[in-house]
S.K.: 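Dumping the structure here so I can ask a few things about it.
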2 protein chains.
Amino acid sequence: MVQRSRELNPCPVSTLTNLLSGPWTMYILWVLSNSGPTRFGALKRKIAGISTKMLTERLRMLEQEEILYRHYEPTVPPQVTYGLTEKAKELITILEQLDDLAQRWYG
Amino acid sequence: MVQRSRELNPCPVSTLTNLLSGPWTMYILWVLSNSGPTRFGALKRKIAGISTKMLTERLRMLEQEEILYRHYEPTVPPQVTYGLTEKAKELITILEQLDDLAQRWYG
DNA sequence: CTGAATCCCTTACGATACTG
DNA sequence: CAGTATCGTAAGGGATTCAG
């Protein structure tokens with residue numbers, strides 16, 4: 001159900017939370033927020049335990065929502081860099097508040 | 001992975017986002033926030049499509065985190081009411097911001 | 001290096017039936 | 001009414017392999 005489409009569920013909040021609810025999603029945003037634009041391999045290393053499949057899957061999804069961008073450099077070997085868009089930064093602001101809360105509750 | 005325990009993952013934000021990432025979780029909070037304390041059956045009706053199992057499961061989890069409380073009234077038939085705790089209200093504040101965002105992005 | 005494709009196994013989840 | 005118990009299925013996600 002994580003992947004309910006926007007069409008099937010017209011509620012805006014659901015659209016957003018369904019997106020964020022995916023595994024690793026918030027964590028990916030968090031890492032990109034702290035590290036700035038990051039290449040695929042580096043991202044995978046920073047997110048210990050994530051599989052290639054999961055990482056690409058989540059990146060595609062976030063890219064599609066224009067929450068992050070993908071920059072492809074056709075060198076050999078190719079370099080692909082992911083970074084947050086302006087849209088993402090609004091989201092990050094909110095995630096930072098979640099972080100504050102988490103610190104107080106569990107920190 | 002949704003259910004990673006607090007012990008295994010010491011990061012506070014992960015603890016919180018793992019909790020919120022569960023299916024229906026945010027939606028349940030949302031409904032309780034809008035409706036005030038609500039009985040089990042009513043809750044189930046308001047959250048169209050959720051199964052009994054899922055609902056109880058999520059409720060137990062949120063109760064354990066003291067994000068909501070469970071009030072049992074031993075009448076016949078028994079009445080059980082769920083409501084948000086003070087802790088939850090901090091969370092709701094943040095969820096409201098997510099709502100704003102969602103409205104602007106998808107609304 | 002950055003993925004796409006395949007296989008395979010686990011578990012999450014829904015449906016159903018039953019209890020205090 | 002408010003759940004618990006059991007079961008079966010669908011699919012989510014890891015490991016691995018291959019490709020541009």
Side-chain angles (χ1 to χ4, degrees), chain A residues 1-5 8-9 14 17-29 31-32 35-64 67-84, chain B residues 1-5 8-9 14 17-28 31-32 35-64 68-84:
Chain A
M1 81 128 258
V2 165
Q3 255 314 31
R4 211 177 312 183
S5 87
L8 290 177
N9 191 337
S14 295
T17 58
N18 283 338
L19 177 65
L20 295 177
S21 286
W24 304 103
T25 312
M26 296 209 208
Y27 193 49
I28 292 172
L29 293 178
V31 168
L32 281 176
S35 308
T38 309
R39 291 178 53 187
F40 185 87
L43 211 44
K44 188 157 167 15
R45 257 172 276 120
K46 292 197 184 213
I47 305 175
I50 196 173
S51 67
T52 306
K53 186 180 176 182
M54 258 293 102
L55 183 53
T56 43
E57 200 174 298
R58 301 332 276 186
L59 288 175
R60 292 282 174 280
M61 170 176 285
L62 290 167
E63 184 193 358
Q64 190 179 346
I67 288 173
L68 53 78
Y69 66 85
R70 176 180 188 272
H71 176 69
Y72 177 79
E73 199 66 38
T75 54
V76 178
Q79 305 201 359
V80 180
T81 305
Y82 293 92
L84 299 181
Chain B
M1 81 126 256
V2 165
Q3 254 314 30
R4 210 178 312 186
S5 86
L8 290 178
N9 192 338
S14 295
T17 58
N18 283 338
L19 176 64
L20 295 177
S21 287
W24 304 104
T25 311
M26 297 209 206
Y27 194 47
I28 292 171
V31 169
L32 282 177
S35 308
T38 310
R39 290 178 52 188
F40 185 87
L43 212 44
K44 188 157 166 20
R45 257 171 277 119
K46 293 198 183 212
I47 304 176
I50 197 171
S51 65
T52 306
K53 186 178 174 183
M54 256 296 100
L55 183 53
T56 44
E57 201 174 297
R58 301 334 275 187
L59 289 174
R60 293 280 175 279
M61 171 176 286
L62 290 167
E63 185 193 358
Q64 190 178 347
L68 55 79
Y69 66 85
R70 176 179 188 271
H71 176 70
Y72 178 78
E73 199 67 38
T75 54
V76 179
Q79 303 201 358
V80 179
T81 305
Y82 292 91
L84 299 181

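Within every chain, numbering begins at 1; the chains are lettered A, B, ... in the order of the sequence lines, protein sequences first and strands thereafter.
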S.K.: For the pair made of NZ in A/Lys53 and P in C/dC7, what is the distance, rounded to whole Å?
M.R.: 12 Å
S.K.: Once you round it to whole Å, what is the distance between P of D/dC1 and CZ of B/Arg39?
M.R.: 7 Å
S.K.: Between A/Thr56 and A/Met54 (side chain of the first, backbone of the second, donor and acceptor by atom type, cut-off under 3.5 Å), is there such a pair?
M.R.: no
S.K.: Whether the side chain of B/Ser35 engages the backbone of B/Leu32 through a donor-acceptor N/O pair (distance < 3.5 Å, no angle test) should be reported.
M.R.: no
S.K.: Please figure out whether B/Pro78 or A/Ser51 has its closest DNA chain D nucleotide nearer the 5' end.
M.R.: B/Pro78
S.K.: To the nearest Å, how far apart are B/His71 NE2 and D/dC1 P?
M.R.: 17 Å
S.K.: Nearest whole angstrom, please: distance from the P of C/dC13 to the NZ of B/Lys44.
M.R.: 15 Å
S.K.: Taking the side chain of B/Arg70 as heavy atoms from C-beta outward, which of C/dT2, D/dG3, D/dG13 is closest to it?
M.R.: D/dG3
S.K.: Could you tell me how far apart A/Met54 (CE) and C/dG3 (C1') are, to the nearest whole angstrom?
M.R.: 14 Å
S.K.: Atom CD of B/Glu57 to atom C1' of C/dG14: distance rounded to whole Å?
M.R.: 11 Å
S.K.: Compare the minimum distances between each of D/dC1, C/dC13, C/dC1 and the side chain of A/Pro77, then state the nucleotide with the smallest one.
M.R.: C/dC1
S.K.: Is A/Arg60 near enough to C/dG3 that one of its side-chain N or O atoms lies under 4.0 angstrom from OP1 or OP2?
M.R.: yes
S.K.: Can you find a side chain N or O atom of B/Tyr82 that sits less than 4.0 Å from OP1 or OP2 on D/dG3?
M.R.: yes
S.K.: Apply side-chain contact (heavy atoms from CB on, under 4.5 Å) to B/Val80 and B/Arg39, showing your working.
M.R.: CA-CA 6 Å; B/Val80 179; B/Arg39 290 178 52 188; over 6 Å; no
S.K.: Starting at CG of B/Leu55 and ending at P of C/dA15, how long is that distance when rounded to a whole Å?
M.R.: 14 Å
S.K.: Ignoring hydrogens and geometry, is there a side-chain-to-backbone donor-acceptor pair from A/Lys44 to A/Ser51 under 3.5 Å?
M.R.: no
S.K.: When all nucleic acid strands are considered with a 4.0 Å heavy-atom cut-off, which category describes B/Thr52: base, sugar-phosphate, or nothing?
M.R.: base
S.K.: Which nucleotide, C/dA4, C/dC13, D/dG3, lies nearest any side-chain atom of A/Thr56?
M.R.: C/dA4
S.K.: So, for B/Ser21 and A/Met26, which heavy atoms are closest and what is the spacing to 0.1 Å?
M.R.: OG-CE, 4.4 Å
